[in-house]
Each structure stands twice: as structure tokens, then as C-alpha cells.
Amino acid sequence: MRIYLDHNATTPLREEVLAAMTRALRDAFGNPSSVHADGARARREIERARERVAGLVGVRSGEIVFTSGATEANNLALQGIARAGRAHGRHLVASAIEHPSIEEPLEALRAEGWRVTRVPAGADGRVDPDAVDAALAPDTTLVSVQWANHETGAIQPIEPVAALARARGIALHVDATQAIGRISTRLDALPIDALSASAHKFNGPKGVGFLVLRGDLAIEPWLRGGAQERGRRAGTQNVPGIVGLGVAAELAARELAERAERYSALRDRLWDGIESKIAGVRRNAGPPHVLPNTLNVEFEDAPGDVLLEALDGEGVSVSFGAACASGALRPSATLLAMGRTLAQARCALRMSVGLGVDEAQIDRVLALLPELVERVRRAAGA
Ligand SMILES: Cc1ncc(COP(=O)(O)O)c(C=O)c1O
């Protein structure tokens, strides 16, 4: 049996999600835009899922726009909100540790003549709200800050950032893809205007996610050609995927505290073991401002891509940096933005726990790691 410690990349499906999706694939095959009863059946399934997702994030169901995932939600949010607000100004602010699905739309907007200000992260992996404040200008149209980082798990100071954006009347978008289902991400009391997430990060299916658009926030659609999702996202909806997302959202809402407790205990067991058994290790981003399931560790002088391969050979899945177009691995952009050197970032691994991970698996990894790290260090000439 393999040991899967890469839940920030994706997560396994919950049985309840699979059962609901199978049922929807079979029974709710109608086109949700059709006026007949078969269409109405599919529409009902979508609206039920919309209620469940709205319940998880504390918004009205009409504020949820279903998408093909967080990449699409982020593209829609950045380009759609920016373009709809261009009369106000053409300046955008974002943290320097965003996911590529934020980075690249920002670059596309920059190429169209928008000014983009990036706010750096500190050595702890968090942005400073004062630095966000300082970056705001009279023509700022949109601020985008992730809720939690995909590489380190660092939880960002969303509350103060939301307060200051609201005080200036500037729209705030939050990429909550890694935070949803792991920490509370309710918007009832938080002035966040838009929020992105993806089902497959919280035991739902791949290829489906959502964008929350609060109130009457203006947005230019990205996909055109239909009135679905109230004209904010054209295209026949992925009914079984949305049904699966709805069930995953309901389970996440119900089990949030229990999951956080269970996963943080496993993650702490892993870190305590690593720290006590292996010399020359350092944690990148630690409690209290870190996701309960995420551990990012630098193993000094042990190249992370080689260590990943060694662990993979022993049946353990972890993550290192990001894949390049060539398929090779490059070190984490987040760690570099936090001021780690290239050599340090090259020696970091991300281990993220979730559904199906237990103490025996963590102990097995702890039994393997010291010798593997030693071997990789020796091979690297350390
Ligand atoms: C922070 C963050 N944003 C966006 C995405 C993209 O999500 P999706 O896989 O749904 O396109 C990811 C996925 O890794 C992520 O971690």
C-alpha cells in the first residue's frame, strides 16, 4: 500500500461523493438549461449543490458561480473583475506568492497595460498587511491575496487585508483553494468580494470548482455563449461534478474541526519525528499560521527532487516545488519569494496529509527518512 502525503496536490474522493456522482451520472443526465422535467431534475441537483457550497463559505447560493476548477475561477476573477472595473483605474495588487493561475493572468493584464504591484512575503511565508496597504493607489481596482499557500501552507492575514481593502473601497479576491475544508473560510463576517476554490482539494472530483462573487460585484464573463450561471460563466454545467462538489462541501463543513485536529496531530508527529531523528532540517512556515495538514521541510544538502524520487521508490508520495513545461522539477517559487536561497529551496519537500493517512503510515515514513536523507546527502557530496 502506498503512503500518499501529497494532499495539497490533490485528494482522494470520499465514498459519499463517488456514490452521489454515480447517481447523478445515471439519473440526472438532462441538460440543466432544458425546460422539460429531465432538465429540471438536473437543475435541481445543481441548485442543491449550490446551497451546500454556499453553506460551507457562508454566502447566498446566488453568489456561487460553478467553474471547471480554481484555475478557471482565478482567471475569471482577475480578468473579469479587473476589466469590469477598468473605468476606476488600471492598477492591481497581489501577493508575490500566488499560484500560477493568478500569476499568469496578472502577466496577461500587465501586457495589456495594467500596472501590477506585488507584495512580498516575509521569511515566515506571510504577507504583511501594512505592505498591502502601502501598495494601494487611488486607481487600484483589485487586490488578490491567497488564503493559504500551496507550497508551505502559510495562512495569510486575510482579515486585516479585507478590512483595509474595504476601507478604501477596493475589491478583494482571495484564492482559497488550499484553505477550504482545512480552516474556517466563512465570509459572513469578512468583507471579501470574490473567492476561488476547487473540489479536488477537499475530497471532491477534479475538473470542478467555484468562484464566489459577492453582492453585485461587476464581472466581465470569460466564457461567453450561454446564460448559464446567470451569464457569468457560459457552458452546460458539469452536473455530476457539481453534485460531487456539493457533497464534498457539506462533509467539509460538518467535519472541519475534527479534520483539523486529526491532520494537525499527524503532521506534528511527522515533524517531531523528523526533527528528532535527522540533523540539519528546518521547517518552512510553522504554527500558528499554517494549514493543519501541511509540512514543508528543508533537508539541508539533500536535493528535494532526488529525495522525492527515493521516497517514491519506497512507496511514499510527497511533493517538490513545481513541474516545468519540460517535466523537470524546479524549486518552489514561494520559498524563493520568502527569501530562501536557491540552494535552500532546492532542498525542501512538501508533505501534506489528509484522508486515509494514519499514524502507522507516518511512523513508516519516519523509519525510512533518516537513511534516505543520509543516502541522498552522500550522493550529493555533502
Ligand atoms: C492555491 C491554488 N490555487 C489554484 C489552484 C488550481 O486549482 P485547479 O487544480 O482546480 O485548477 C491550485 C492547485 O494546485 C492551488 O493550490
Side-chain angles (χ1 to χ4, degrees), residues 4-13 17 53 56-57 64-79 94-107 118 121 125-127 144-156 158 161 172-183 185 192 194-212 222-223 233 237-238 241-242 244-245 248-249 252 284-285 289-296 317-324 329-330 332-335 337-338 350-354:
Y4 184 75
L5 300 185
D6 200 11
H7 290 253
N8 285 15
T10 195
T11 62
L13 271 192
V17 171
V53 172
L56 173 64
V57 289
I64 304 287
V65 178
F66 289 123
T67 65
S68 65
T71 296
E72 184 190 326
N74 284 340
N75 272 268
L76 172 59
L78 287 196
Q79 313 204 39
S95 90
I97 51 170
E98 298 294 322
H99 187 264
S101 56
I102 296 284
E103 299 277 342
E104 295 192 20
L106 283 177
E107 283 314 306
R118 307 303 299 271
R126 304 182 82 218
V127 297
S144 186
V145 176
Q146 61 187 192
W147 205 312
N149 185 263
H150 39 296
E151 307 270 2
T152 64
I155 298 171
Q156 303 303 319
I158 291 301
V161 168
L172 172 66
H173 166 259
V174 174
D175 177 359
T177 308
Q178 293 291 347
I180 293 256
R182 296 182 178 147
I183 56 174
T185 47
I192 292 174
L195 178 129
S196 305
S198 189
H200 76 95
K201 305 286 189 187
F202 57 100
N203 310 116
K206 288 161 189 62
V208 62
F210 62 93
L211 177 65
V212 178
W222 176 246
L223 292 177
R233 198 272 189 186
Q237 291 98 335
N238 168 4
I242 289 170
L245 163 59
N284 291 312
H289 301 295
V290 70
L291 290 175
N293 79 319
T294 310
L295 177 64
N296 189 305
S317 299
V318 299
S319 167
F320 167 80
C324 302
L329 295 175
R330 59 186 150 80
S332 154
T334 297
L335 294 178
M338 285 161 60
R350 178 186 77 188
M351 292 161 274
S352 44
V353 302

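In this chain, numbering begins with 1 at the start of the sequence shown. Counting starts at 1 for both ligands and their atoms, in listed order.
- The atoms of ligand 1 that sit less than 4.0 Å from any heavy atom of His200 are 8 (P), 9 (O), 10 (O).
- Under the 4.5 Å side-chain criterion, counting only non-hydrogen atoms from C-beta, Gln146 is in contact with Ile97.
- With sequence neighbours excluded, no residue forms a salt bridge (Lys or Arg N to Asp or Glu O under 4.0 Å) with Glu98.
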>> Could you go through Ile64 and Val57, starting from their C-alpha distance and side-chain angles, then the distance that decides it, and tell me whether this counts as side chain to side chain contact (heavy atoms under 4.5 Å, CB included)?
In response: CA-CA 10 Å; Ile64 304 287; Val57 289; 4.3 Å; yes
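- Of the protein's non-hydrogen atoms, Gln178 NE2, 2.8 Å is the one closest to atom 16 (O) of ligand 1.
- Of all atoms in ligand 1, numbered sequentially from 1 with element shown, those under 4.0 Å from a heavy atom of Ser198 are 8 (P), 10 (O).
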> Given Tyr4 and Thr10, is the side chain to side chain contact (heavy atoms under 4.5 Å, CB included) satisfied, shown in steps?
Replying inline: CA-CA 10 Å; Tyr4 184 75; Thr10 195; 3.4 Å; yes
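- Per-residue contacts place Asn74 under 4.0 angstrom from the following atoms of ligand 1 (heavy atoms of the residue considered): 3 (N), 4 (C).
- Within the 4.5 Å cutoff, no side-chain heavy atoms of Val290 are placed close to those of Ile155.
- From the protein, the heavy atom lying nearest to atom 7 (O) of ligand 1 is Ala70 CB, 3.3 Å.
- Taking His150 as the reference, His99 meet the ring pair (Phe, Tyr, Trp, His ring centres under 6.0 Å) condition, with sequence neighbours excluded.
- Heavy-atom minimum distance, Pro12 versus His7: CD-CE1, 3.5 Å.
- Glu72 places none of its side-chain heavy atoms less than 4.5 Å from the side chain of Val65.
- Of all the listed residues (Gln146, Glu72, His99), His99 holds the heavy atom that lies closest to atom 5 (C) of ligand 1.
- Counting only heavy atoms of the protein, atom 14 (O) of ligand 1 lies nearest to Lys201 NZ, 2.6 Å.
- Near Ser101, meaning under 4.0 Å from one of its heavy atoms, ligand 1 places the atoms 4 (C).
- Applying the 4.0 Å criterion to heavy atoms of Gly69 picks out, from ligand 1, the atoms 10 (O).
- Taking every heavy atom of His150 and a limit of under 4.0 angstrom, the matching atoms of ligand 1 come to 1 (C), 16 (O).
- Nearest protein heavy-atom contact of atom 3 (N) of ligand 1 is Asp175 OD2, 2.7 Å.
- Residue contacts with ligand 1 for Thr71 involve both N, CA, C or O and side-chain atoms from C-beta outward (heavy atoms, distance under 4.0 Å).
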